[in-house]
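Below you'll find the structure, written out as structure tokens, and then a few comments.
Below, chain A is the first sequence line, B the second, and so on; all start at residue 1. Keep in mind that the numbers below use all heavy atoms, side chains included, and drop hydrogens, waters and symmetry copies.
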Amino acid sequence: MAEYHPQELDRKWQAHWAATRAFEVTEDPSKPKFYCLEMFAYPSGHAHVGHVRNYIIGDIVARLKRLQGFNVLHPFGWDAFGLPAENAAIKLGIHPETSTLGNIAHMKGQLQRLGISYAWERELATCLPDYYRWNQWLFTRMFEKGLAYRRRSTVNWCPVDNTVLANEQVIDDGVCWRCGTRVVQKDLEQWFFKITHYADDLLHSAEGLSKWPEKVLTMQRNWIGRSEGARVRFPIQGIGDSIEVFTTRIDTIFGATFMMLAPEHGLVTTFAKESENEQAFLEKAQRFRAQDRSGRMTGEVQKEGFFTGRFAINPFTNLPIPIWVANYVLGEYGTGAVMGVPAHDDRDREFAVKYDLPIKDVVKSTSGEAVGATTEGSVVFNSGKYDGLSCEDAQRAITKEAAERGIGYGTVQFRLKDWGISRQRYWGTPIPMIHCPVDGIVPVPDDQLPVELPKVAEFTGRGDSPLASIPEFVNVKCPKCGGPARRETDTMDTFVDSSWYFYRFADAHNDQLPFDPKKVAYWAPVDFYSGGIEHAILHLIYSRFFSRVFHDLGMIDHKEPFTHLLTQGMVLKDGAVMSKSKGNVVDPDSMLQKYGADALRLYVMFVAPPEKEVEWSDSGLEGSFRFLARVWRIADQWRDAATAAGKTAIDHAALSGAERALRRKAHDTIKRVTMDLDVRQQMNTAVSAMMELVNELYAFTEKGERSAQAPRVAREAIESVIVMLSPFAPHTMEELWQRYGHADGINGARWPGFDAEVAKAEELEIPVQVNGKLRAVVRVPPSISDAALQQIALADANVQTHIAGKTPKKVVIVKGKLVSVVV
RNA sequence: GCCGGGGUGGCGAAACUGGCAGACGCACAGGACUUAAAAUCCUGAGAGGGUCACCCCCUCGUGCGGGUUCGAUUCCCGCCCCCGGCACCA
């Protein structure tokens, strides 16, 4: 009897897979392709079981698809740029490259010890020049197309990390997403990607992402935030200028009794100059701006404002209305100015009541009552010739008039903003631009790429871009005029790196282009993508943006990069997400030493559906180990007889009852597991189905009557389990497969098929209800007629008791399912 | 406030199209094996009750209250609670 020693099997088969390059692939047009990908990893140093769950999920899918005959691309890489490495350099004096490459080596070892079937030859790390040069290449393409541009803008500045943060990186109450410090405002020249160019497409194409979680799509829709409305210009009384507002409620424009500017609005300084006390005016506006990110987002801040001294003319009533500066008007949304309609907007009402501004009702319900902010079943009044129109009709008609008069137009406004990508940091992709006093901004020519990161020795943590303090880096010749010029010293947001790495995997070593379009055409889009829900907006919108950019560059023919998205649930320990600081991290390596890789893999798949959060349980892991040992033992017990029995056809009719039952269970299990994995994506129930079959095998071995064909039937059942379980427990199953006489390795095996006839039950157990309550279960052959079934059901003693001599009013028979008697 | 997802035994969960609620596992209990224990194999178990010698039988039970239906964890209406996201976007 062979003992089950999983650690030995882990070593043996991992060495075998590496030696035979078992998971390396090339394009093969004769086979259907499957691109299986897990979100690549930030090399923090150590992966805990919360991280590895994702890789295990992906590996189950990859191995399953291989068994089903697909040519499977399953690569892995490293999101290797980023702040933590640079912060460590400042603190500990270790160069980011040293720590990053060290962390990568360690984590790669962890993944290999789990037996994840990656095509390691395609491994990439974004911090290496042969990757980030293509960020730079793409940046210059986007610059040429006007998709990358520079502008001065107010940015979120983290005083601890000394860097600009994207709006998306400012979380909760206006704090830095990494360090939790309160963000302040600062004006800087910044590079932007024009993601808003694709806002409508990103929104509408989301409808077609049928295999994405609804939750993610909703988050993206909210993020893009499309609003239909109109822009209208209000002339300023006394000067030739005007103020443009955006509104979704132009039907209420006759009720606009004041106007508000965001504190950032360009006219604020103009109005300040003509005020009595310019200094005080500007200070008040400045105070509002400071509230901006911090207080304003929590809703704690009260609505506040002050009168500018100027009036605008409502172009529809022709009445003058006061222009105020208000703290609740956002500078970066719409035009930074809004019309105040206190009767039909809750916020404006609050403001008007506070400052005693006039309130004029212009919308009422069809029955004449006051309506607040609703449009449904409402009509406008007090609105001149538009009186009596529904809100929707009034919107159309008033927009039309505004357009005809040349003072406005219907438009669509998005909440989505262009993506600021400049970072004043060292450990990122240098932005490939040169500032020339003669030629202005000049892109670095392709043949001078990559712009390599210099190996600076000192990290001071000062606020400036570290690259700015390296003269050899900064001082260059202008590519156009050859004169002295300065290099751009900012680096790119690391989300740039992760927005297209999945295409690079299709052609990871190309040194002419980011990828060969033909290779990407074969592999892309990604068929199965899994990762954390925390990337629902940022990474997954940016990637959709980049795929559109590549599409418009003519390099790919699809627009959506990920066909099927799975957001895996976190693994909790003691009710909390695992983290080093909480000290509740479960280290996969210690689990591997105790139970082997397969038990861990099986456990995380069995404990719950993949998208669900789970609480870590040592005894649950032990249970999975017990199951694998059980499979091992039953396979070992039958091995000699089963392999001797060969693979001759089974004479089903000649089997004993117990053998037929086992065979039925085996075929039914294949059916269930195939459905669960393929159609329903429910790995946990697939595992429990296999557990049932193994239990049945034990019962059969213990006491089933056997014919000469018993070993043949056992072999069929056991080999089915070996193959179906191999994605979950590849090391153990490879070993058993070999022990059952297969020299070719389980990679060469085929997913088992099932015989629907054999899988069918020989006898059905039909529940019988009387007045909706279960009263009996009758055993009948599947071929039974309704009439015969009814007769048997009614003949049952307990059924008779509950019918109590009455005549059934109705008998419902659902074929193969149940009999329901109504009396 | 708005949007999304949930609420089923002691615990993780399952129930596919409206058809035997709780598969499978964990923990627990009992038995076999053992000098003993561990491991292993087998058995039991939603709660309550009846007959209790057994086979069985009955009532209740999927957050709460209604409804549709022969029949509801599943569909409809109205609530409660939990988790996640968004939140002055005009």
Side-chain angles (χ1 to χ4, degrees), chain A residues 213-219 221-223 225-227 229 245-249 252 256 260 262 296-299 301-303 326-330 332-341 344-348 350-351 373 413-417 533-534 536-537 603 606-609 611-624 626-627 629-630 633 672 675-676 679-680 682 684-692 694-695 698-699 701-703 765-777 797-798 801-802 808-814 816-823:
Chain A
E214 195 50 47
K215 179 186 183 137
V216 173
L217 294 175
T218 306
M219 284 165 76
R221 275 187 212 110
N222 291 341
W223 190 256
R226 186 179 194 274
S227 298
V245 301
F246 172 75
T247 177
T248 55
R249 291 297 307 276
T252 64
M260 288 163 291
R296 206 148 97 174
M297 285 179 114
T298 64
V301 171
Q302 292 286 310
K303 288 183 179 45
N327 66 343
Y328 72 96
V329 177
L330 303 170
E332 68 271 31
Y333 183 78
T335 63
V338 293
M339 62 183 200
V341 184
H344 305 293
D345 182 289
D346 294 339
R347 298 155 299 180
D348 297 348
E350 192 186 325
F351 192 78
Q413 179 67 43
F414 292 94
R415 185 182 168 282
L416 181 73
K417 296 175 200 77
I533 185 74
E534 67 273 21
I537 300 172
Y603 168 66
F606 175 62
V607 65
E611 48 286 299
K612 223 176 148 158
E613 245 175 31
V614 293
E615 172 71 28
W616 176 260
S617 150
D618 284 337
S619 52
L621 172 61
E622 211 175 310
S624 292
R626 271 204 292 267
F627 171 67
R630 222 166 125 78
R633 279 191 298 269
R672 280 173 64 189
M675 278 288 288
D676 281 353
V679 183
R680 303 207 302 157
Q682 241 178 240
N684 55 330
T685 52
V687 175
S688 46
M690 290 187 271
M691 286 173 167
E692 282 183 52
V694 171
N695 290 346
Y698 270 84
T701 306
E702 173 101 344
K703 56 184 180 223
E765 292 189 347
I766 304 291
V768 184
Q769 297 180 344
V770 179
N771 286 341
K773 293 200 174 176
L774 180 71
R775 297 304 179 190
V777 176
N798 200 41
T801 312
H802 287 276
K809 285 185 203 138
K810 189 170 157 189
V811 179
V812 180
I813 295 179
V814 183
K817 285 267 174 70
L818 122 158
V819 178
S820 182
V821 183
V822 189
V823 295

Subject >> Syn-anti status, with the boundary at 90° from 0, for the nucleotide B:G78 >> reply: anti
Partner nucleotide of [N] by Watson-Crick or wobble geometry (both distances under 3.5 Å):
N     : result
B:G84 : B:C3
B:A29 : B:U43
B:C75 : B:G67
B:C20 : none
B:A53 : none

Subject >> Cation-pi, A:Phe351 ring and A:Lys303 (6.0 angstrom, 45 degrees) >> reply: no
Original post:
Between B:A87 atom C1' and A:Asn222 atom CG, what is the distance in whole Å?
Top reply: 10 Å
Original post:
Below 3.5 Å, does any donor atom in the side chain of A:Lys215 face an acceptor in the base of B:C3, or the other way round?
Top reply: no
Subject >> Pairwise C1' distance, B:A72 and B:U8 [rounded to whole Å] >> reply: 14 Å
Original post:
Can you give one letter per nucleotide of nucleotides 42-59 of chain B, 5' to 3': B if a protein heavy atom sits under 4.0 Å from the base, S if only from the sugar-phosphate, - if neither?
Top reply: S--------------SSS
Polar pairs (N or O, both sides) under 3.5 Å between protein and nucleotides 65-70 of chain B?
residue: B:C70; atom: OP1; partner: A:Lys810; partner atom: NZ; Å: 3.1
residue: B:C70; atom: O2; partner: A:Ser820; partner atom: OG; Å: 2.6

Report, one pair per line, the protein and nucleotides 14-18 of chain B atoms (nitrogen or oxygen only) whose separation is under 3.5 Å.
residue: B:A14; atom: OP1; partner: A:Asn684; partner atom: ND2; Å: 3.1
residue: B:A15; atom: OP1; partner: A:Arg680; partner atom: NH1; Å: 3.0
residue: B:A15; atom: OP1; partner: A:Arg680; partner atom: NH2; Å: 3.0
residue: B:A15; atom: OP1; partner: A:Gln682; partner atom: NE2; Å: 3.2
residue: B:C16; atom: O4'; partner: A:Arg680; partner atom: NH1; Å: 3.3

